[in-house]
Undergrad: 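Please see the structure below; I have some questions.
We're numbering straight along the sequence, starting at 1. What you see below is based on every heavy atom in this structure, not just the backbone, and it leaves out hydrogens, waters and symmetry mates. In each ligand, atom 1 is the first atom listed, and ligand 1 is the first ligand listed.
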Amino acid sequence: MPRITNLVKKLQARGLKVEYVKGWSTRGSSSFTPKGVTCHWTAGPRGTEGRPSLNVVTHGRPGLPGPLCNVYLDRRGVAVVVAAGRANHGGRGVWKSGSGNSDFFGIEAEAADGNDWTEAQREAYPKLCAGLLDAIDESNASWVCGHSEYALPKGRKIDINGYPMSSMRAQVQAIINGQKPAKPKPKPKPSRPEAKPAALVQSKKNPPNGSTTFPKDFEDLAINKKPDALTIGALQILLHATGRRDNQRWDGKLAGRTVADTMRMLRAQGYYKVTPFTAKGVRKGTPLKVDRKAGFWFYVELQRFLADALGKRGKKFYRGKIDGIFKDMSWESFELWINTQNGR
Ligand SMILES: [Zn+2]
């Protein structure tokens, strides 16, 4: 039997939000004759809102080639179709008359353990099982099993404890009995390409790459008086290390999220609270908002911070006017300040 390429349509018809990983329709072996669905969790990191396990379940890990599932369920309840062909997910085991990965679709839901389900996942998981059974014209929900129920020897696997399979099957059966699949929605979006793992240290050879994991450190910046990707990338590494969390990507861009984190960093140092003087029709002492906009007062406060902070031999970083015009000398002193934070 070929790969099951009606997956996207069938999942959408069950009302799921569906995305896919590029290449899904040809991923996984075509020797695939699914009769049922095996439910897993990823045992990934707790609490993150990203998709920390999507890369692994798509491409595999050392000793276990991918794909490791057919569909990945993120914490927001989005079904990401990974593979239309056979996936490496079950290992040895049996459920009803099915045994082996050729006989079962595999679902991997992002969860650390049995206490880590989101509401969105609880709602989506049975729909996802129903949609997969639709794809093979199976209407008996007894074909849905948990990995722990399937795996041999017994006790080899604990997923997906914490999501009782008897109630999962009851929900799936109710969905299949009660609802006609809706009409498919418009074209689904491709899943964002998986973030590359970040380099351990930012350098010219390892510039910001958009990863959701941040390097631990950065090489000293060349002082070029420019807010280039390495300057902003180093700022992002510093902000991340100090617990600022608005920005989730090491991308070297001074966009709103990074500006907001910088504003909070300044606040924690006693800056960016109220306007320090009257200018631009705004009175001295007017409260400043964390508004993600790198405007006049943001740069005024950054200049004041750099003018007060002491560098080598007690010298101040910025010795120019506090005028909110953040150009050559301002960026130079900012780069000098960043370099003194290196390795902390
Ligand atoms: Zn499993």
Side-chain angles (χ1 to χ4, degrees), residues 4 7 11 21 24 27-29 32-48 50-75 77-118 120-122 124-133 135-136 141-169 171-172 194:
I4 314 296
L7 284 186
L11 300 185
V21 179
W24 71 276
R27 186 171 290 114
S29 165
F32 192 33
T33 52
K35 305 171 175 179
V37 180
T38 308
C39 302
H40 305 259
W41 65 44
T42 59
R46 182 177 293 277
T48 166
R51 292 171 172 172
S53 309
L54 181 57
N55 191 42
V56 169
V57 301
T58 305
H59 300 295
R61 51 185 151 81
L64 190 61
L68 305 186
C69 68
N70 297 99
V71 183
Y72 167 89
L73 182 63
D74 79 6
R75 282 195 159 88
V78 178
V80 182
V81 177
V82 170
R86 192 183 71 214
N88 271 328
H89 62 90
R92 193 158 77 80
V94 64
W95 181 255
K96 293 184 52 146
S97 62
S99 177
N101 291 323
S102 297
D103 284 353
F104 290 93
F105 289 110
I107 300 173
E108 285 282 1
E110 189 68 61
D113 57 42
N115 302 313
D116 194 31
W117 300 107
T118 65
Q121 283 174 316
R122 286 185 183 277
Y125 218 136
K127 289 183 192 168
L128 181 46
C129 294
L132 289 174
L133 293 182
I136 51 172
S142 69
W143 273 106
V144 176
C145 61
H147 199 190
S148 61
E149 297 176 306
Y150 165 90
L152 290 174
K154 283 284 163 208
R156 182 168 68 84
K157 288 289 171 183
I158 59 166
D159 54 336
I160 63 167
N161 297 353
Y163 198 137
M165 287 309 297
S166 51
S167 78
M168 172 81 87
R169 279 185 284 272
Q171 285 174 284
V172 175
E194 304 86 56

Undergrad: Would you say H40 reaches the Zn ion (ligand 1) with an N/O/S atom under 2.8 Å?
TA: yes
Undergrad: Just by distance, no angles: are the side chains of E110 and T42 close enough, under 3.5 Å, to form a donor-acceptor pair?
TA: yes
Undergrad: Backbone or side chain, does E108 get an N/O/S atom under 2.8 Å to the Zn ion (ligand 1)?
TA: no
Undergrad: Hey, which of E108, K157, H89, H40 is the one that makes side-chain hydrogen bond (donor to acceptor under 3.5 Å, both in side chains) with H147?
TA: H40
Undergrad: As a test of reading the structure, name the N/O/S atom of H147 that is nearest the Zn ion (ligand 1).
TA: ND1
Undergrad: Are W117 and Y163 an aromatic pair, judged by ring center distance below 6.0 Å?
TA: yes
Undergrad: Looking only at N, O or S atoms, find the one in D159 nearest to the Zn ion (ligand 1) and name it.
TA: OD2
Undergrad: Specify the closest pair of heavy atoms between C39 and I160, including all atoms of both residues, with the distance to one decimal.
TA: O-CG2, 3.2 Å
